[in-house]
Amino acid sequence: MTNPVHAPALVELKDVNKHYSTLHVLQNINLQVAKGEVLVVLGPSGSGKSTLCRTINRLETIDTGSITIDGKELPKEGKALANLRADVGMVFQSFNLFAHKTILENVTLGPIKVKGMSKADAEKLALSLLERVGVGHQSAKLPAQLSGGQQQRVAIARALAMKPKVMLFDEPTSALDPEMINEVLDVMVELAKEGMTMVVVTHEMGFARKAADRVIFMADGQIVEEASPEEFFTNPQTARAKDFLSKILTNG
Amino acid sequence: MNVLIDNSELFLTGFKNTGILFIISAFFALILGTIVAGMRVSPAPAMRAAGTFYVNAVRNTPLTLILAFFALGYPQLGLPQISFMNAAIVGLSLYTATYVCEAIRSGINTVSVGQSEAARAIGLPFIPTLTLIVLPQAFRSVVPPLFSVFIALLKNTTVAAGFSVLEAGAIRAYLSERGEPLLPGLLWVALIFILLVLGILSPLQRYLEKKWKVAR
């Protein structure tokens with residue numbers, strides 16, 4: 001694995017602040033994610049970790065500060081923002097597959113409509129990606145006909161079809177039945193091994209240990225700790241992190 | 001039965017014009033209503049404001065006044081003249097579009113935010129997100145209210161009778177001029193309206209509801 005600290009930053013957040021009315025959900029966030037790095041974001045619910053993840057493709061706006069991706073500042077709106085989002089893959093907690101489109105159409109939509117790829121090429125690409133995440137034989141079905149784990153793997157394929165520079169995962173396994181979590185995590189571990197830059201909000205310690213280069217721990221809108229997974233899990237520095245780990249480790 | 005048979009050409013012309021008014025107005029109302037619904041959920045504040053203003057202004061005006069404006073007021077503006085029929089189509093379309101808009105907007109609200117977030121996340125701009133992802137799903141859930149709007153439009157076409165359009169609502173007046181008994185004539189008109197709704201609109205609604213059954 002490359003040493004991510006010295007590589008140039010692919011995603012950079014500088015002094016990012018965000019409020020929901022009086023609640024200061026992101027407080028002076030400074031963060032860099034290097035190319036090829038896998039960053040896991042941990043924290044109790046309400047700590048701002050999902051919000052942080054969603055600001056990176058501007059599904060959440062920020063009040064002050066700056067976010068740059070591959071050296072370019074996030075555009076505010078319009079075509080420029082849409083173009084940038086095409087480079088940032090996103091996987092949601094609730095899958096969000098397009099409910100009225102088949103699995104294949106879900107994956108080909110972006111390449112055809114955003115990248116102008118021909119239908120035949122898009123389908124070829126989509127089928128190979130669906131094959132890769134293990135749902136190739138489901139391509140003609142509608143999302144509702146698939147299990148949660150299968151839907152989430154399709155969602156990963158849909159994001160990958162845009163050939164993104166970075167993938168954001170917003171609690172990708174939190175809505176899954178326990179027996180389906182691993183099939184999704186396995187796909188994510190594979191991606192990490194292949195060198196995909198990933199920002200992963202998750203409670204899955206197993207994934208963090210196996211695939212993460214770095215862990216950040218958030219609480220009350222701040223990044224409280226930043227360490228390698230091994231360091232963080234075995235030797236957390238702050239009381240909040242210790243408290244958090246004691247809760248999730250006894251449960252998991 | 002005699003009233004109907006003796007005046008068949010009157011009934012035919014009347015309902016033919018009702019049909020024309022209905023189909024053309026429904027077509028334009030559907031398109032305009034969809035566009036205005038899109039404006040009302042647009043990220044641009046000016047678009048939202050324009051859409052809201054249009055709906056509030058037109059929906060809260062009695063249809064009779066709107067048709068009066070196009071049939072009687074508009075000709076005095078010195079603009080190119082239009083026939084009473086076309087004036088009625090414009091008025092009915094503009095009026096019905098507000099109801100279509102609100103029905104579709106309620107449908108848009110049933111589509112989960114995650115659907116449009118996912119669309120935006122793969123790089124789709126606002127309009128394709130709306131037309132490819134949100135509206136197709138919104139339409140499925142608004143078939144019943146949308147058909148209520150169109151049934152109301154079918155019946156609202158009779159208001160145009162007051163503005164020199166020979167459609168079904170005007171049949172009664174012509175019948176009394178011809179000295180026909182009033183009640184049977186009225187009942188025939190009512191019956192044909194019911195048949196139009198039950199025979200055409202309701203089956204179409206059932207067909208679309210079945211075809212677009214939402215799978216979630």
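The figures that follow rest on heavy atoms only: side chains count, while hydrogens, waters and symmetry mates do not. Just so we're on the same page: letters track the sequence lines, and every chain starts at 1.
Counting non-hydrogen atoms of other residues, nucleotides and ligands closer than 6.0 Å to CD of A:Glu73 gives a total above 12. Residue B:Tyr74 places its OH atom among more than 12 non-hydrogen atoms of other residues, nucleotides or ligands, all under 6.0 Å distant. Other residues, nucleotides and ligands contribute more than 12 heavy atoms inside 6.0 Å of the CE atom of A:Met180. Annotation for B:Tyr207: atom OH does not count as buried by contact number, only 12 or fewer foreign heavy atoms lying within 6.0 Å. For A:Lys14, the NZ atom is loosely surrounded, since the number of other residues' heavy atoms within 6.0 Å does not exceed 12.
In terms of heavy-atom pairs under 4.5 Å with chain A, the best-connected choice from B:Ala118, B:Pro128, B:Pro43, B:Ser116 is B:Ala118. Contacts with chain B were tallied for A:Gln145, A:Met90, A:Lys113; A:Lys113 has the most, counting heavy-atom pairs under 4.5 Å.
Heavy atoms of B:Pro125 lying under 4.5 Å from chain A belong to its backbone as well as its side chain. Contact of A:Phe92 with chain B is made through the side chain alone, with heavy-atom distances under 4.5 Å. When heavy atoms are compared at a cutoff of 4.5 Å, B:Ala44 does not approach chain A at all. For A:Lys115, no part sits under 4.5 Å from any heavy atom of chain B, backbone or side chain. Heavy atoms closer than 4.5 Å to chain B are found nowhere in A:Leu81, neither backbone nor side chain.
A donor-acceptor pair is defined here as one N or O able to donate and one able to accept, closer than 3.5 Å; such a pair exists between the side chain of B:Gln115 and the backbone of A:Ala99. No donor-acceptor pair under 3.5 Å is formed between the side chain of A:His100 and the backbone N or O of B:Val134.
At least one side-chain heavy atom of B:Ile133 sits under 4.5 Å from a side-chain heavy atom of A:Leu109. Counting only heavy atoms from C-beta outward, the side chains of B:Arg120 and A:Arg58 never approach each other to under 4.5 Å.
Shown here for A:Val114 and B:Ile122, the closest heavy-atom pair between the two residues is CG2-O, 3.6 Å. Considering all non-hydrogen atoms of both residues, B:Leu124 and A:Ala82 come closest at C-CB, 4.4 Å.
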